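What you see is a predicted model, and the numbers here were worked out from it, not measured in a lab. A, B, ... follow the sequence lines: proteins, then strands. Residue 1 opens every chain.
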There are 2 protein chains.
Amino acid sequence: MLQASADIDTSETLTERQKAVLDAALRLLVEEGDNLTMTAVARRASCSKETLYKWFGDRDGLLTATVQWQASKVRVVPVDGERLDLASLTASLEGFAADWLKVISSDTSIALNRVAVGHAGSGKDDLGAIVLENGRFALARRLKPVLLAGKQAGLLDFTDADTAFRSFFGLVARDVQIRLLLGDRLELTEAAIGGDAVRATQQFLALFGAKTGRRATDL
Amino acid sequence: MLQASADIDTSETLTERQKAVLDAALRLLVEEGDNLTMTAVARRASCSKETLYKWFGDRDGLLTATVQWQASKVRVVPVDGERLDLASLTASLEGFAADWLKVISSDTSIALNRVAVGHAGSGKDDLGAIVLENGRFALARRLKPVLLAGKQAGLLDFTDADTAFRSFFGLVARDVQIRLLLGDRLELTEAAIGGDAVRATQQFLALFGAKTGRRATDL
DNA sequence: GGCAAGCCGTACCGTACGTTACGGTTCGCC
DNA sequence: GGCGAACCGTAACGTACGGTACGGCTTGCC
C-alpha cells in the first residue's frame with residue numbers, strides 16, 4: 001500500500017524564500033517537463049546551486065519538495081455536515097466533480113503527474129505515492145463522508161462506499177486524465193466542465209440514488 | 001488533434017531479426033523503465049550499437065519503433081456483426097471491459113504508457129499519440145459499431161455514441177490506470193477483472209439501456 | 001570597524017550515456 | 001578461393017548535467 005507518511009505537512013517548516021524557490025521550480029516543471037536541470041532552477045529562482053543542494057539535498061529532494069509544496073497549496077476545506085436533501089447532495093456532488101475536472105486538466109497537475117508517473121517507473125522515490133495521496137485518495141477522503149451522509153439520509157443506496165466512490169470517479173474523469181497525460185489536446189472550457197459535472201452527477205444518482213427503487217447491482 | 005499517421009502499419013517492413021531486437025528492447029523497457037540505455041539494448045539483443053543506429057536512427061527512433069511494434073502485435077479482430085439480442089450485447093460489452101482491464105493492468109502497457117507520458121512532456125516525438133491511437137481510440141473504434149448496433153436493435157438509447165462510449169470507458173477503467181501508472185500496487189486477479197467487467201456492463205446498461213424506460217440524461 | 005553567517009554567481013570535476021568509428025567474423029555470391 | 005555486404009563487439013569521443021568548491025557580496029551582531 002501507500003506510504004502513510006506521504007502527506008505530512010511540510011509547508012510550515014519552509015521559509016518564504018524557500019517557498020519562492022519551489023514556486024520557481026514548479027513553474028519550470030510546468031514549462032519544461034521532467035528534464036529540468038538544477039542549473040535552470042537556480043537561474044530561474046535567482047539562487048545558487050549550492051543553496052539548492054544545501055536546502056533540498058539532491059535533485060530528487062528538490063522534486064519531492066516541489067511536489068509536496070504544490071500539494072500543500074491545494075489543502076482543502078473539509079465539507080461541512082450541512083443538513084442533506086437531494087438538492088444539496090446534488091450540488092455537493094457537482095461541486096466535487098467540477099473541482100476534480102478543473103484540477104486534473106490544469107497545467108500544474110498534468111506536469112506533476114507526468115514527472116510522478118515517470119519516476120514511478122524507476123522506483124527511487126515515492127513521487128507517485130505523494131501525488132496519489134494528495135490527489136485521488138484525498139478526493140476519496142473528502143467525498144466519502146458526503147456519500148455516507150447521503151446514505152444515512154436515505155438518498156443514496158450502496159453497500160460499499162469505496163465502490164460507489166470509484167464509480168463516481170470513473171463517471172467524472174472518464175478518459176480525460178490519461179488523454180491529457182499522453183499529450184492529447186483536449187480543451188476543457190468552464191462550460192464543458194460544468195456540463196460534465198452535472199452529467200456525471202446525474203448518472204451517479206441514476207445508479208446509486210435510493211429514490212428510484214430500481215438500481216444497478218453495486219457489486 | 002492526433003496525427004492520423006500514428007497507426008500506420010510498420011510491422012510488415014521489419015525483418016525477423018529486427019523484430020527480435022525490438023522484443024528485447026520491449027522486455028528491457030518493462031524491466032528498467034525509460035532509463036534504458038542503448039548499450040543495454042544492444043547487449044540484451046546481442047547486436048551492435050552500430051546496427052541499432054543504422055536501423056532506427058537514434059534513441060527516439062528506437063523507442064517509437066518499439067512502441068509501434070508492440071502496438072502492431074495487439075491489432076485486434078473486428079467484432080462480427082452477429083445478430084444482437086440483450087444477452088449477446090451484454091456478453092460483448094463484458095468482453096470489451098475485461099479485455100481492456102487486462103490490457104491496462106499488464107506490465108507492458110504500464111511501461112509503455114509510462115514512457116509515452118514522460119515523452120509527452122517534452123514534445124519531441126509523438127509516442128503519446130501512438131499509444132493513444134492504438135489504445136483508447138482503437139477501443140472506441142471497435143466498440144462504437146457494437147453500440148450503434150445495440151441502438152439499432154432497440155437495446156440501447158443514446159444520442160451521441162462518443163458520449164456513451166466515454167461513460168462506458170469511465171465505468172470500466174475508473175481509477176485503475178492512473179493508480180497503476182503512479183506506482184500503486186493494485187492486484188487485478190482474473191476473477192476481479194471478470195467481476196468488474198460485469199459490474200461496469202450492468203451499470204452501463206442501467207444508464208443507457210432502452211428497455212427500462214427511465215434513463216439518465218446522456219448529456 | 002571587524003567578523004561570521006548566509007547566499008549568489010560561476011567555475012570546476014566526474015560520470016553516464018548518446019553517438020561514432022573501427023577491427024574482426026560470418027555469409028551469400030561469383 | 002576471393003570478395004563485398006551485413007553485422008558483432010568494443011573502444012573512443014563529446015556533451016550534458018548532477019554535484020562540489022570557492023570568491024565576493026550583503027546583513028546582522030559585537
State which of [options] makes the closest approach to the side chain of [X].
X	options	value
Glu50(A)	dA21(D), dG19(D), dG18(C)	dA21(D)
Ser48(A)	dG9(D), dG18(D), dG9(C)	dG9(C)
Thr51(B)	dC7(D), dT19(C), dG19(D)	dC7(D)
Thr37(B)	dC22(C), dG18(C), dC8(C)	dG18(C)
Lys54(A)	dG19(D), dC7(C), dG9(D)	dC7(C)
Met38(B)	dG18(C), dG18(D), dC8(D)	dG18(C)
Asp58(A)	dG9(C), dG19(D), dG18(C)	dG19(D)
Lys49(A)	dG18(D), dT20(C), dG9(D)	dG18(D)

Shortest non-hydrogen separation from Ala200(B) to Val172(B) and the atoms involved: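 Answer, listing the atom of Ala200(B) first, then Val172(B): CB-CG2, 3.7 Å.
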Take atom [atom1] of [X] and atom [atom2] of [N], then tell me their distance rounded to the nearest Å.
X	N	atom1	atom2	answer
Asp60(B)	dC17(C)	CG	P	16 Å
Arg43(B)	dC17(C)	CZ	P	11 Å
Tyr53(A)	dC22(D)	OH	C1'	17 Å
Phe56(B)	dT20(C)	CZ	C1'	18 Å
Arg59(B)	dG14(D)	CZ	C1'	17 Å
Gln18(A)	dG6(C)	CD	C1'	12 Å
Leu63(A)	dG18(D)	CG	P	10 Å

Sugar-phosphate, base or nothing in reach of Leu62(A), heavy atoms under 4.0 Å: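 No contact.
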Sugar-phosphate, base or nothing in reach of Leu36(B), heavy atoms under 4.0 Å: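 Sugar-phosphate only.
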Criterion side-chain contact (heavy atoms from CB on, under 4.5 Å) against Phe168(B), the qualifying member of Leu207(B), Leu93(B), Leu147(B):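 Of Leu207(B), Leu93(B), Leu147(B), side-chain contact (heavy atoms from CB on, under 4.5 Å) with Phe168(B) is met by Leu93(B) alone.
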More than 12 heavy atoms from other groups under 6.0 Å of CG on Asp162(B):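 Atom CG in Asp162(B) is packed in, count exceeds 12.
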Other residues, nucleotides, ligands: >12 heavy atoms within 6.0 Å of Asn35(B) CG: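 Yes, the 6.0 Å shell around CG holds more than 12 heavy atoms from other groups.
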Any Trp55(B) side-chain N or O less than 4.0 Å from OP1/OP2 of dC7(D):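 Looking at the OP1 and OP2 atoms of dC7(D), one of them is under 4.0 Å from a side-chain N or O of Trp55(B).
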Any Arg17(A) side-chain N or O less than 4.0 Å from OP1/OP2 of dC8(C):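 For dC8(C), OP1/OP2 do have a side-chain N/O of Arg17(A) under 4.0 Å.
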Side-chain ion pair, Arg44(B) and Glu31(B), N-O less than 4.0 Å: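 A salt bridge is present here (some side-chain N lies under 4.0 Å from a carboxylate O).
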